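Just so you know, these numbers come straight off a predicted model, no measurement behind them. Ligands are counted one by one from 1 in listed order, and the atoms in each one are counted from 1 as well.
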Amino acid sequence: MTYNAPLADMGFALKYGTGLAPALAEGLFGDLTMDDIEAVLGEAGRMAGEVIGPLNRVGDQNGVTFKDGAVTTAPGWKAAYDSWRKGGWNGLTAPGEWGGQGLPQVLNAACVEMWNAASMAFGVGPLVSMSAIDAFSAHGSEPLKRAYLEKLVTGEWIATMQLTEPQAGSDVGALRTRAERAGDGTYRIKGQKIFITYGEHDLTENILHFVLARLPDAPPGTRGISLFLVPKFLLNADGSLGKRNDLRAHSVEHKLGLHGSPTCTMIFGDEGGATGFIIGEENSGMACMFTMMNRARLAVGLQGVGIAERATQQALAYARERRQGRIPGMPATESAPIIEHPDVKRMLLSMRALTQAARTICYATALALDEAERGGDKAARQKAHDRASLLTPLAKAFSADIGVEVASLGVQVHGGMGFIEETGAAQHLRDARIAPIYEGTNGIQAIDLVTRKLPLGGGAAIEAYLGELRGIVEAVNATNDPALGWTGVRLEDAVASLERATRWLLARLGKEADQALAGASPYLRLFGVAAGGCLLARQALAALRLGPDAAPRIALARFFAENYSVQAGALERIVIEGAPGVLGADAVLSA
Ligand SMILES: Cc1cc2nc3c(=O)[nH]c(=O)nc-3n(C[C@H](O)[C@H](O)[C@H](O)COP(=O)(O)OP(=O)(O)OC[C@H]3O[C@@H](n4cnc5c(N)ncnc54)[C@H](O)[C@@H]3O)c2cc1C
C-alpha cells in the first residue's frame, strides 16, 4: 500500500496545535499566507505519494550494491531523487542568496515528515543535507560558501555528517580522526568513520562530507574537535569537478531496516590525507556540529511521525478489510471487520493519537526555530531559541519512540500477516527502529533534556512552557463539554505531575545528578504524554470553535488524555521514587 499525505491532520496541527495561525497573522513570515502553505503541502504530498512512496518497497527489497568502492542505489532511486531535487524541495528553508526559497522551518517540517513517510530510507539522505546547509550557512567562510553551498542547496550535491568512529559513538569526544595543517590554509584528514549515512552513492556527482576531526595540538575531549568540509571531488578554479579527494567507502553495512539507504564505513587519508576545509574556528567544531545536529534531531523525530503515519494508514486499511469473529448480536453466519472489535479500535486509536501528538510536538519545535530566527526583538528571539532548545530532545526522542510503538501496533493489527514481509507492515517496524538510536540515542536525548535544557535561563524556558500547558488545561476545563470526558482532569493531573517531576529533577542536578540521570528517560516520556495531550486538546478546542466536524478532533484528544496523559502520574512516581531502585540494583546485574 502506498502513502497518502494526511494534509488535513497536518494542516490542523500546524494551524491550531502550534500557533502558526497567529504567527502568520502577526507577519512573522512576511506576506506568506496559510493558502500558500497549503499549496506547498499539497504539492509535497503529491511528490511524496506518487514519486517517492512507490520506491519504498523497491529500496527495501533491493538494498544497495557495493562494488569496488562504488555504491549503486536501488532501481528508480536516482530518477526519483533527481525529480525531487529539481522540484526545489532540498532548499525550501535555505537562504535565497544561495538558491534556497527562505520558507519557514515549520513548513519544511511537514514536508520532511512526508518524505520520510513515503520512504524513510530515501528521506534520511536529504535530512542530513538540509541540516548541513544550516550549519554551513551559519558557520562557513564566505569563499567556501561561494564554492560549495549553492550546489548543496539545490541538491546537486549531497552532504554527509561524520562523527561516529568505532570507539566514539555517544561519546563524540573520544574521536581520533586527525587533521593536520597543510600550511596553505587547508588541512589533511586521516582516519576512519563508521555508520555514515549516504557516505557513498550514485545519486549525485559530488558528495560533501562534514567531518569531525582533531588537530595534533587540540585539547582533549569535545573542546578539541574541529569541523571540516571534505569533498569527494575537489573543485577546479572554474568550479568544475577536479581531482578525486583521498577518501573512500570501505564497505556498507547490512542492517535491520533502512535497506535503501547506504550506511558506510569511510576511510580518509590512504594516500597521505584528504584535503579538508575548516568550518568555523579550530577546536570549535562541536558548536558548528550542534547547529547541524539540532536540525537533524528534529528531522529524526519527524521520521518517527512519518513512519507512524504510514503504519497507521496501512493498519486502518487492513482492519477495514479483514473479517474475523463477531461483534455482540451479530448472526452466527456473519463475521465482522476487525476494526469493529474494541481491542482493535483501541490499537488504531492509539496509533492515530500518538502520531498526531508527536506530529504537533515536532511542528511546535520547528515554529520555535522560526521564531528564534525571525522574531520581533532580541529578547523574543532568545526566548524562542530557548523554547526550541528545550523541545528538540523531546521532539526527537518522544517521536522516534512513537514511530516504533505505532509501527509495532501496526504489525499487531495485521495479526500473522504483519509478521510476513509481503504486507509491508514489518518493513515499517524494521525501518522505524533506527530512529531512537541515531542522531544521539534517546537515552542521550533524555539526559540532554534533564541536565542541559531544564536549567536553561535558570529554569525560565521550562517554567514558560509549563505556564502555556496550564493555560490549555484552563481552557479545556472552561468548556465543560461532556464530549471531552475526563480530558480536563487528566491533563490537569498530567501537567501537575510534570511540574513536580521537573522541580524534583532540577533540585538534584549537581550533587545527586545520578538520581536525575536514572529518571531522565521516564521524565522525557512524562513530558511527551503531558505536552502531547495538551496540544491535542488545543486542537480539539479549535475544532469546537470552528463548529462543524469537531467530533473526530475531540474524540482524539479525549482518547489521548484518558489513555496516555493519565500515565503521567505513574511516570512521575518512577522519576521521583524509582531512582534508588535503579542505582542500588547492581546485585541484579552482577548476578
Ligand atoms: C543506520 C545508521 C546510520 C547512522 N548514520 C550516522 C551518520 O550519518 N553519521 C554519524 O556520525 N553516525 C551515524 N550513525 C551512528 C549513530 O549516531 C550511533 O550509532 C549512535 O550515536 C550511538 O552510538 P553507538 O552506536 O556507539 O552506541 P553507544 O554510544 O555505544 O551506546 C550504547 C548504549 O549505551 C547508552 N549510553 C552510551 N553512553 C551513555 C551515557 N553517557 N549515559 C547513558 N547512556 C549511555 C546509549 O544510549 C545506548 O543505549 C548511524 C548509525 C546507524 C545504525
Student: Find all atoms of ligand 1 within a distance of less than 4.0 Å from any non-hydrogen atom belonging to Lys255, and give their numbers and elements.
Tutor: 1 (C)

Student: Distance check, rounded to the nearest 0.5 Å: Ser129 atom OG versus Asn90 atom CG?
Tutor: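 Spacing of OG (Ser129) from CG (Asn90) equals 5.5 Å.
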
Student: Backbone or side chain, does any N or O of Phe195 fall under 3.5 Å from an N or O of ligand 1?
Tutor: yes

Student: Find the distance between OG (Ser131) and CZ (Phe136) and round it off to the nearest 0.5 Å.
Tutor: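 These two atoms lie 14.5 Å from each other.
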
Student: Give a yes or no on whether atom 49 (O) of ligand 1 lies under 4.0 Å from any heavy atom of the protein.
Tutor: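 No; the ligand atom in question lacks any protein heavy-atom contact below 4.0 Å.
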
Student: Please state whether the rings of Tyr81 and Trp84 are parallel, tilted or perpendicular, taking 30° and 60° as the class boundaries.
Tutor: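 Aromatic pair Tyr81/Trp84 classed tilted.
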
Student: Taking the minimum heavy-atom distance to atom 41 (N) of ligand 1, which of Ile444, Thr164, Thr441, Asn442 ranks first?
Tutor: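 Among Ile444, Thr164, Thr441, Asn442, the closest heavy atom to atom 41 (N) of ligand 1 comes from Ile444.
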
Student: Under a 4.0 Å threshold between the charged nitrogen and the carboxylate oxygen, would Glu165 count as salt-bridged to Arg176?
Tutor: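 Not counted as a salt bridge, because no side-chain N and carboxylate O are separated by less than 4.0 Å.
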
Student: Salt-bridged, Glu205 to Lys232, with N to O below 4.0 Å?
Tutor: no

Student: Check whether any N or O atom of Asp171, backbone or side chain, sits under 3.5 Å from an N or O atom of ligand 1, and answer yes or no.
Tutor: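 Min N/O separation from ligand 1 is not below 3.5 Å for Asp171.
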
Student: Heavy atoms only: which of Thr160, Leu163, Leu517, Thr197 lies closest to atom 8 (O) of ligand 1?
Tutor: Thr197

Student: Using a strict 4.0 Å cut-off to heavy atoms of Glu439, name the atoms of ligand 1 that fall inside it.
Tutor: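 Counting atoms of ligand 1 from 1, those under 4.0 Å from Glu439 are 17 (O).
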
Student: Can you tell me how far the CD atom of Glu439 sits from the CZ atom of Arg295, to the nearest 0.5 Å?
Tutor: 13.0 Å

Student: Looking at atom 24 (P) of ligand 1, what's its closest protein heavy atom, distance included?
Tutor: Gly169 CA, 4.0 Å

Student: Can a protein heavy atom be found under 4.0 Å away from atom 34 (O) of ligand 1?
Tutor: no

Student: Tell me whether atom 10 (C) of ligand 1 lies less than 4.0 Å from at least one protein heavy-atom position.
Tutor: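 Protein heavy atom within 4.0 Å of atom 10 (C) of ligand 1: present.
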
Student: Once you measure the plane-to-plane angle for Phe527 and Tyr465, does it fall in the parallel (<30°), tilted (30-60°) or perpendicular (>60°) bin?
Tutor: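 Judged by the thresholds at 30° and 60°, the geometry between Phe527 and Tyr465 is tilted.
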
Student: Got an N/O contact under 3.5 Å between Ile196 and ligand 1?
Tutor: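 No - when backbone and side-chain N and O of Ile196 are compared with those of ligand 1, no distance drops under 3.5 Å.
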
Student: Give the single entry among Ala520, Pro436, Ser170 that approaches atom 29 (O) of ligand 1 most closely by any heavy atom.
Tutor: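 Among Ala520, Pro436, Ser170, the closest heavy atom to atom 29 (O) of ligand 1 belongs to Ser170.
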
Student: Honestly, is Arg500 close enough over Trp504, meaning NZ or CZ under 6.0 Å from the six-membered ring centre and within 45° of the axis?
Tutor: no

Student: Using a strict cut-off of less than 4.0 Å between a Lys/Arg side-chain nitrogen and an Asp/Glu carboxylate oxygen, indicate whether Asp448 and Lys453 qualify as a salt bridge.
Tutor: yes

Student: Is the shortest N/O to N/O distance between Ile194 and ligand 1 below 3.5 Å?
Tutor: no

Student: If we count only non-hydrogen protein atoms and require a distance under 4.0 Å, does atom 37 (C) of ligand 1 qualify as touching the protein?
Tutor: yes

Student: Does atom 6 (C) of ligand 1 have a protein non-hydrogen atom under 4.0 Å from it?
Tutor: yes

Student: Are any of the side-chain nitrogens in Glu421 or Arg430 under 4.0 Å away from the carboxylate oxygens of its partner?
Tutor: yes

Student: Taking only heavy atoms of Met161 into account, list the atoms of ligand 1 that are under 4.0 Å away from them.
Tutor: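 Under 4.0 Å from Met161, ligand 1 has these atoms: 7 (C), 8 (O), 9 (N), 10 (C), 11 (O).
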
Student: State whether Tyr3 and Arg310 meet the cation-pi test: NZ (Lys) or CZ (Arg) under 6.0 Å from the six-membered ring centroid, and within 45° of the perpendicular axis.
Tutor: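 No.
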
Student: Determine the sole option in Val575, Ile576, Val582 for which the side chain to side chain contact (heavy atoms under 4.5 Å, CB included) test with Pro522 is passed.
Tutor: Val575

Student: Would you call Lys145 and Glu150 a salt bridge, taking side-chain N to carboxylate O under 4.0 Å as the test?
Tutor: no

Student: For atom 14 (N) of ligand 1, is the nearest protein heavy atom under 4.0 Å away?
Tutor: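 Yes, because at least one protein heavy atom sits under 4.0 Å from atom 14 (N) of ligand 1.
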
Student: Using a strict cut-off of 4.0 Å, indicate which atoms of ligand 1 neighbour a heavy atom of Ile447.
Tutor: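 Once the distances to Ile447 are compared, the set is 42 (N), 43 (C).
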
Student: Relative to atom 20 (C) of ligand 1, which among Val211, Val300, Ile437 owns the nearest non-hydrogen atom?
Tutor: Ile437

Student: Counting each atom of ligand 1 from 1 as listed, which ones have a heavy atom of Tyr438 under 4.0 Å away?
Tutor: 2 (C), 3 (C), 4 (C), 16 (C), 17 (O)

Student: Distance to 0.1 Å, residue and atom name: give those for the protein heavy atom nearest to atom 53 (C) of ligand 1.
Tutor: Ile434 CD1, 3.3 Å

